2 protein chains.
Amino acid sequence: MQIGEAARASGVSAKMIRHYEAIGLVPTADRRDSGYRDYADEDLSRLRFIRHSRDLGFPIEQIRVLLRLWTDRGRSNAEVKALARTHLAELEGRIVRLREMADVLQHLADACDGDGRPDCPILAGLEAAGCDGSRAGNRSVCHPNPGAD
Amino acid sequence: MQIGEAARASGVSAKMIRHYEAIGLVPTADRRDSGYRDYADEDLSRLRFIRHSRDLGFPIEQIRVLLRLWTDRGRSNAEVKALARTHLAELEGRIVRLREMADVLQHLADACDGDGRPDCPILAGLEAAGCDGSRAGNRSVCHPNPGAD
DNA sequence: GCTTGACCTTCCCATGATGGGAAGGTGCAG
DNA sequence: CTGCACCTTCCCATCATGGGAAGGTCAAGC
């Protein structure tokens, strides 16, 4: 099967399949006389594995490890689980950081009438913010009602 | 004041200050005879505004608009609020996507004993996943207990 | 005066995952 | 033979940020 069909079947774009080959995430594909890459059904499962890992946000280097474990019959599921937990912590961390941003922004937006006047608590908040280390102490601008959520 | 001090005072790295100047986010800095950039206190507020905006996750191009509104006395806070809400929606969207990833991964990790055997539901889940459009219908692998959260 | 060290300058390169697009070859159907 | 869909490689772009090299500036200390 050509790369386009492999792409359709695996959900990984042809562009990315070539890229994964270039960085050694998938083995060098067989070539036809024409130079076209040729894929077998077995190759698809690896591509799908990669795509599912990407769908869960795993970075390439962790997927590389996951693939090694996946194809290693003597693997320890403890190692897999540890990897999963590490990534889970990373995801939760990102969520927390985004949640903080969203909460602060929501607070600022709530304080803004949006009635067309120039007066704007959002811009005032971005101007002051008070969370830059210099002149600390007025953190309430940054995290209003601490602990009141 | 030299760029290093401006960086310390604003929380924006010297590297980024130069970059922001290059892309026109801050005006071209005055230069001393030596060629060193020279900053006044007024410049700091702009840099702080940018940093606070970045802290809330605004992309550069939106910060450009925010800066224009900030320095426009005839601005409408409605425009600011709309911009904030757009970004807020973006943040919430990212959170939802990360939350989905984390939930699926948590589910897989919970199913894995991590007792050192090769048997591993996490790898099995990455292999099958069932969410790639081909052979749809078994979405429960992907979103277990739909609606039961 | 000369050295030392901290600072500055510009320029290039790297990240991470993905895509766009150009220039050119392959293969099949009409 | 033409056209079209597909493939190839190569280069560039994203987005915000940093690293580092090569070299200039300046103040303090000897």
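All heavy atoms count here, side chains included; hydrogens, waters and symmetry mates do not. In the text below, chain A, chain B and the rest are named by the order of the sequence lines, each starting its count at 1. Predicted, not measured: the structure shown is a model, and the values here were computed from it.
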- Return yes if some donor-acceptor pair links the side-chain N/O of A:Arg48 with the main-chain N/O of A:Gly11 below 3.5 Å, else return no. no

- Give a yes/no on whether any side-chain N or O of A:Tyr20 is located under 4.0 angstrom from OP1 or OP2 of C:dT18. yes

- Rounded to whole angstroms, how far apart are CG on B:Asp30 and P on C:dC8? 16 Å

- Rounded distance in Å - NE2 (B:His19) to C1' (D:dT14): 12 Å

- B:Ile3 side chain: which of C:dT18, D:dG18, C:dC8 is closest? C:dC8

- Query: With a 4.5 Å heavy-atom cut-off, do B:Arg37 and B:Glu21 have their side chains touching?
  - Reply: yes

- Listed nucleotide nearest any side-chain atom of A:Gln2, set D:dT8, D:dC7, C:dT10: D:dC7

- What nucleotide, of D:dG18, D:dC10, D:dG20, holds the atom closest to the side chain of B:Lys15? D:dG20

- Query: Between A:Ala84 and B:Leu105, which heavy-atom pair has the shortest distance, and what is it?
  - Reply: O-CD2, 3.6 Å

- When you get a sec, tell me which of C:dG19, D:dC26, D:dA16 is the closest nucleotide to the side chain of B:Ser34? D:dC26

- note: A:Glu61, atom CD; C:dG16, atom P; distance rounded to Å ~ 7 Å

- Query: Can you check the B:Ile17 CD1 to C:dT9 C1' distance for me, whole Å?
  - Reply: 14 Å

- What is the distance from CZ of B:Arg51 to C1' of D:dT17, rounded to the nearest Å? 15 Å

- Check whether any side-chain N or O of A:Arg37 sits under 4.0 Å from OP1 or OP2 of D:dT9, and answer yes or no. yes

- Query: Between the base of C:dC7 and the side chain of B:Tyr36, is there a donor-acceptor distance below 3.5 Å?
  - Reply: yes

- Item | Between C:dA17 (P) and B:Met101 (CE): distance, integer Å | 12 Å

- Item | Residue-phosphate contact under 4.0 Å: A:Arg31 side-chain N/O, D:dT9 OP1/OP2 | yes

- Out of D:dT8, C:dT9, C:dA17, whichever nucleotide has its closest atom nearest the side chain of B:Arg18: C:dT9

- Item | Whole-Å distance separating the CG atom of B:Leu56 from the C1' atom of D:dA16 | 16 Å

- Could you check how far CE of B:Met16 sits from P of D:dG19, rounded to whole Å? 12 Å

- Do A:Trp70 and B:Leu126 come close enough that some side-chain heavy atom pair is under 4.5 Å? no

- Task: Using the closest heavy atom to pick a nucleotide of DNA chain D for each, name whichever of B:Arg54 or B:Gly35 lands nearer the 5' end.
- Result: B:Arg54

- Message: With a cut-off of less than 4.0 Å, is there a side-chain N or O of A:Ser13 near OP1 or OP2 of C:dT18?
- Response: no

- Task: Please report the shortest heavy-atom distance between A:Asn77 and B:Cys120, naming the atom on each side.
- Result: CB-CB, 3.8 Å

